[in-house]
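As structure tokens, the structure follows; a few thoughts come after it.
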Amino acid sequence: MKTYNAGDKLCACTLQHKCGEGGCGEVWLAENAVGGKVALKIIHGKYSERELEGLRNYKDCDHQNLLKIRHIEINDDGVFCTMDAADDLNNGAGEYKPDTLANRLNKYGHLDGKEIGKMLDELLAALEELHKHGLVHRDIKPDNILWVNGRVTLSDAGLIATTGKHTLVGTPGFVSPRLLESGGVAETSDDFYALSKVVYCALTGLAPAEYPTIPPEMTISLDPVISKATRVGCSQKVKSSAEFKKLITGKMESVPPQKKAEPPKFTIVEVKKSSAPWIVAFCILALILGAMVFWLIKPEYSHSREQKKTQEEFGNTVVPEYKFPDWKSEFETDRRERAKEYFNRFGLLTGSYFQELLTREMFDEKSIEPEIKRLKALHWADGTGHIWSDFETTLFYLHLHGTPDGAKVRERQQYWRSQPGTPREITSRMLFEDPVMQMVAVNMVLERLCRHVLTKQEFGGQNKADIEKLIGLQEDFTNPDMGKLRYMSRKQAETLIKN
């Protein structure tokens, strides 16, 4: 695979700064022949055909909130596209940083309801244009939401496909359960599920895998309409932009100004001088005597009235006994489902990792210390050592949470080696029934992700979210009492939000 560097010439442009890189390719800020700034996307050869299919599907879509593709070139090394460049989040102060939702969340933590409402309005308009052409985006996530000339823009045409396309693609955490169950048959509702997860990330600053957790300190400041729209979009099939807009109508419509309360009107009574003075004196005396009588009898009257109200309205009320949730049972179910999600995503249930699961030693952060030190020495020389400090901090939690007892692991491995059945059958039973082997599998996925980070020399985004989530899941297995407390806290926060 060919490598590219700043200063290289491609598509009549000069590469200036690499904005991002993934398994399929990379994106650069570049300068075109007349000095304009553009984004140049390079798709490596093996992914070229899929990218071209997405671009063919996208070619007739024209909307101000969809990223414009300006030029496409194809050669033996891959596909090269020039597009409008995202605004600079740093506003020229230092290195260029694309103004994406992902970068905004990294910088500010989360957005407020007003910002999200405006962003949603423009994204829904972009999706309406795509869906009108019978297309689905299939990769809506914070990295693919840009601000271009101050306008929210949906980017990345690489996975755009016709509705009903039977291919399971997308970014974990934003892929809908319905899409997974259907084997990858895409519908417009899958885009709205992903959009709801994007809103959740923007509202809370958390990764999509944390849904529906709400940070305790945020429960008061959450926008209730946006929060409700997110929950509905993640739990129901929303099929159109118009339908999604209805979920946030209360947020988008302007509230009419309240009328100022008018001062009370008084009637002025004119007293004629011809009125007899004794009449006035009599009226005043009557008022004074009436007031005295009222204040003398008021306490007794008030008490008897309240007593009667209590007897009539509340005397027969029966307060139902409160039943506490079975947190232990719910936590164990939740832990099993979260583990199963990762086993499915990383292919552990196919039986292909059967031998590795039954022979592996448990992974901890000490086994990769030499590799981290080598990379730190390399990267500190060019001033980017903070990436590895962040990675080390995350791995520190792995050390704190610990790994299962080695003797117990070997005992369970020996047991499953003696069981009859095919590798796939035994693996399925082992990972659904045996907590120790579930722990081993989680640890195995965690090691693979950590070594991927070291190989690619990237730590952030989905990699970071997955590793942190897996470390938490491993602790739920090694220290279930602490995990149960965290689960209880999360469920109580959800109840608070719903109510």
Side-chain angles (χ1 to χ4, degrees), residues 18-29 38-43 47 50-51 53-55 57-58 61 63-70 79 81-89 97-107 111 115-116 118-131 135-161 165 167 169-176 179 186 188 190-203 207-209 233 241 244 458 460-465:
K18 187 185 288 188
C19 303
E21 184 176 16
C24 302
E26 52 202 86
V27 178
W28 286 77
L29 178 69
V38 296
L40 200 158
K41 185 177 182 181
I42 302 169
I43 304 299
Y47 300 101
R50 188 178 70 183
E51 184 78 14
E53 184 182 357
L55 291 168
N57 291 326
Y58 187 61
C61 296
H63 194 276
Q64 63 179 1
N65 298 115
L66 290 172
L67 191 64
K68 300 287 189 296
I69 307 296
R70 300 299 183 183
V79 175
C81 307
T82 57
M83 304 161 286
D84 292 343
D87 300 338
D88 182 5
L89 189 61
K97 184 178 284 292
D99 192 357
T100 68
L101 178 58
N103 285 338
R104 284 194 178 194
L105 295 180
N106 285 334
K107 184 174 183 178
L111 307 185
E115 290 177 289
I116 296 171
K118 184 178 184 303
M119 178 185 74
L120 259 177
D121 202 26
E122 297 186 55
L123 289 174
L124 288 170
L127 283 177
E128 189 172 12
E129 171 72 10
L130 271 180
H131 296 165
L135 302 173
V136 282
H137 188 278
R138 303 199 298 173
D139 200 21
I140 297 172
K141 58 183 179 181
D143 294 281
N144 288 339
I145 296 168
L146 320 177
W147 275 261
V148 178
N149 298 321
R151 184 184 297 120
V152 177
T153 306
L154 185 59
S155 72
D156 200 349
L159 296 183
I160 289 175
K165 176 75 174 180
T167 309
V169 294
T171 299
F174 298 96
V175 177
S176 74
L179 189 63
T188 55
D190 302 315
D191 281 346
F192 293 113
Y193 176 90
L195 182 61
S196 298
K197 281 293 192 74
V198 164
V199 173
Y200 167 79
C201 296
L203 196 60
S241 292
F244 199 103
E458 289 179 346
Q462 193 62 44
N463 276 339
K464 183 176 181 181

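Looking at Asp156 and Lys141, no side-chain N of the basic residue comes within less than 4.0 Å of a carboxylate O on the acidic one, giving no salt bridge. We find that Asp190 and Arg138 are not joined by a salt bridge, their nearest charged nitrogen and carboxylate oxygen being 4.0 Å or further apart.
Asp99 places no side-chain N or O within 3.5 Å of a backbone atom of Asp88 that could act as its donor or acceptor partner. Distance alone, capped at 3.5 Å, is enough to place a donor-acceptor pair between the Asp191 side chain and the His137 backbone.
Counting heavy atoms from C-beta on, the side chains of Thr100 and Pro142 never come closer than 4.5 Å. At least one side-chain heavy atom of Val198 sits under 4.5 Å from a side-chain heavy atom of Phe174. Looking only at side-chain heavy atoms (C-beta outward), Leu67 and Asn144 stay at 4.5 Å or farther from each other. Between Leu146 and Pro98 there is no side-chain heavy-atom pair separated by less than 4.5 Å.
To the nearest 0.5 Å, atoms OG (Ser155) and CG (Asn65) are separated by 12.5 Å. Here the CG-CG distance, from Leu195 to Leu123, works out to 6.0 Å after rounding to the nearest 0.5 Å. To the nearest 0.5 Å, atoms SG (Cys201) and CG (Leu105) are separated by 7.0 Å. The CD1 atom of Ile160 lies 12.5 Å from the CZ atom of Arg50; values are rounded to the nearest 0.5 Å. The line from CG of Leu40 to NZ of Lys18 is 12.5 Å long, rounded to the nearest 0.5 Å. Rounded to the nearest 0.5 angstrom, Asn106 CG and Arg104 CZ are separated by 13.0 Å.
The minimum heavy-atom distance linking Ser241 with Leu124 is given by the pair OG-O, 2.8 Å. Shortest non-hydrogen contact noted between Pro208 and Pro172 is CG-O, 4.5 Å. Here the closest heavy-atom approach between residue Glu122 and residue Lys118 is recorded as OE2-NZ, 2.7 Å. The heavy-atom pair separating Ala39 from Asp84 by the smallest distance is CB-O, 3.9 Å. For the residue pair Gly173 and Lys197, the shortest heavy atom distance occurs at O-NZ, 2.8 Å. When all heavy atoms of Glu129 and Cys61 are compared, the closest pair comes out as OE2-CA, 3.8 Å.
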Would you be so kind as to tabulate the donor-acceptor pairs closer than 3.5 Å made by side chains of residues 147-154, with sequence neighbours excluded?
| from | atom 1 | to | atom 2 | distance (Å) |
| --- | --- | --- | --- | --- |
| Thr153 | OG1 | Arg151 | O | 3.1 |

For this session: Carefully, step by step, assess Tyr58 and Leu130 under the rule side-chain contact (heavy atoms from CB on, under 4.5 Å).
Result: CA-CA 8 Å; Tyr58 187 61; Leu130 271 180; 4.2 Å; yes
For this session: Go through the steps for Phe244 and Leu127 under the test side-chain contact (heavy atoms from CB on, under 4.5 Å), then give the verdict.
Result: CA-CA 11 Å; Phe244 199 103; Leu127 283 177; over 6 Å; no
For this session: Run the numbers on Lys41 and Glu51 for side-chain contact (heavy atoms from CB on, under 4.5 Å), then give the verdict.
Result: CA-CA 11 Å; Lys41 185 177 182 181; Glu51 184 78 14; 3.3 Å; yes
For this session: Apply side-chain contact (heavy atoms from CB on, under 4.5 Å) to Arg70 and Val38, showing your working.
Result: CA-CA 9 Å; Arg70 300 299 183 183; Val38 296; 5.8 Å; no
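Legend: residues meeting ring pair (Phe, Tyr, Trp, His ring centres under 6.0 Å) with His131, ordered by chain and number and at least two apart, are Phe192.
With Leu159 as the partner, the side chain to side chain contact (heavy atoms under 4.5 Å, CB included) test is satisfied by one option alone out of Asp139, Thr171, Asn57: Asp139.
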